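For reference, the structure discussed in these notes is given below.
So you know, we letter chains A, B, ... as the sequences are listed, proteins then strands, and number each from 1. As the structure is a prediction and not an experimental result, all values here were calculated from the model.
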Number of protein chains: 2
Amino acid sequence: MLGEKLKELRESKGLLQRQVAAELDVDTAYISKMENNDKPVSKSHLEALAKVYDLPESELMPYWLGEKVLHVLENNEHSIQALNLVLKNIRNVNE
Amino acid sequence: MLGEKLKELRESKGLLQRQVAAELDVDTAYISKMENNDKPVSKSHLEALAKVYDLPESELMPYWLGEKVLHVLENNEHSIQALNLVLKNIRNVNE
DNA sequence: CTATATTTGCCCTTTATAGGACAAGTCAAT
DNA sequence: ATTGACTTGTCCTATAAAGGGCAAATATAG
């Protein structure tokens, strides 16, 4: 979810992982893992990536959160029920 | 979300935290924290609780997962967008 | 007032996760 | 066959979270 988006963005800008890696000051394997959802993306890296791809962090945020949600669900068969409960719950809190 | 459910179940069975605590072999403060969503409920405790309250674990599971999801969202303003993305994503995976 | 039930805060230890490097592997294109 | 881009696996360290006890604080009922 987040990884796919990041890869898409990078390619749309014609950048290589190597270049992005340089910007974030990490090695390219690390970027690869982010794009393959093999490593979580930290908040500060998310900010940096938003800058590199020239968009507001808020545009990436839903993917970032979504990825974390997918991670806690880890293919559990009750995921959909759970998500619907959460949606209901959140709406209740926000009146 | 999960805590409320657990408290509800306990009260509906007329049990005291002390009694449930004894079943799970933990102290009552720990039960209190579970019911107030102050401590995560482990998988094995969830199973034990399902037994105590005499229902299938699958009935608790959505609340359990939901609680974990709420936790990762931590009131982020993009939560709803994120959840909708995840729902779409999951449905895609299941065809 | 005083028991009993529950909550809260603080503490501690163990386990897990994040964050990241590095080496070696795969895959195309040349 | 080399090179350049990416991926994958293993390893390490540091931080965070789980799991839980204990004591003190708050309700709440009688």
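Annotation: salt bridge (Lys or Arg N to Asp or Glu O under 4.0 Å) contacts involving residues 59-85 of chain B, sequence neighbours excluded, are absent. Screening residues 52-87 of chain A for ring-ring contact (aromatic ring centres under 6.0 Å, His included), with sequence neighbours left out, gives no hits.
The side chain to side chain contact (heavy atoms under 4.5 Å, CB included) search around Q19(B) returns L15(B), L16(B), not counting sequence neighbours. The side chain to side chain contact (heavy atoms under 4.5 Å, CB included) search around K7(B) returns R10(B), E11(B), E35(B), not counting sequence neighbours. Residues meeting the side-chain hydrogen bond (donor to acceptor under 3.5 Å, both in side chains) test with E4(A), sequence neighbours left out: N37(A).
Across every non-hydrogen atom of P62(B) and A82(A), the tightest pair is O-CB, 3.5 Å.
Looking at D27(A), its side chain does come within 3.5 Å of a backbone N or O of A29(A) through a donor-acceptor pair. Distance alone, capped at 3.5 Å, places no donor-acceptor pair between the N89(A) side chain and the L85(A) backbone.
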Using a cutoff of under 3.5 Å, can you pull out all pairs of nitrogen or oxygen atoms linking the protein to nucleotides 13-15 of chain D, with atom names and distances?
none

N/O-N/O pairs, protein side and nucleotides 25-27 of chain D side, under 3.5 Å:
none

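Counting heavy atoms from C-beta on, the side chains of V86(A) and V69(A) never come closer than 4.5 Å. Side-chain contact between L83(B) and L73(B) is present, with heavy atoms from C-beta onward closer than 4.5 Å.
Remark: V26(B), D27(B), A29(B) in residues 10-29 of chain B come within less than 4.0 Å of DNA chain D through at least one heavy atom. For the segment residues 58-65 of chain A, the set of residues with a heavy atom within less than 4.0 Å of an atom of DNA chain D is empty. Against DNA chain D, the stretch residues 39-49 of chain A makes no heavy-atom approach under 4.0 Å.
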Atom pairs and distances, donor-acceptor, side-chain atoms in residues 42-50 of chain A, under 3.5 Å, two or more places apart:
from: S42(A); atom 1: OG; to: S44(A); atom 2: OG; distance (Å): 3.3
from: S42(A); atom 1: OG; to: H45(A); atom 2: N; distance (Å): 3.1
from: S42(A); atom 1: OG; to: H45(A); atom 2: ND1; distance (Å): 3.4
from: K43(A); atom 1: NZ; to: E47(A); atom 2: OE2; distance (Å): 3.4
from: K43(A); atom 1: NZ; to: E57(A); atom 2: OE2; distance (Å): 3.4

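For K33(A) and dC11(D), the NZ to C1' distance is 10 Å, given to the nearest whole Å.
I80(B) CD1 to L65(A) CG: the interatomic distance, rounded to the nearest 0.5 Å, is 12.0 Å. In this structure, Q81(B) CD and M61(A) CE are separated by 10.5 Å, a value rounded to the nearest 0.5 Å.
The side chain of S32(A) contributes no N or O atom lying less than 4.0 Å from OP1 or OP2 of dC6(D).
Read 5' to 3', the first and last nucleotides of DNA chain C with an atom closer than 4.0 Å to a heavy atom of chain B are dA5(C) to dC10(C).
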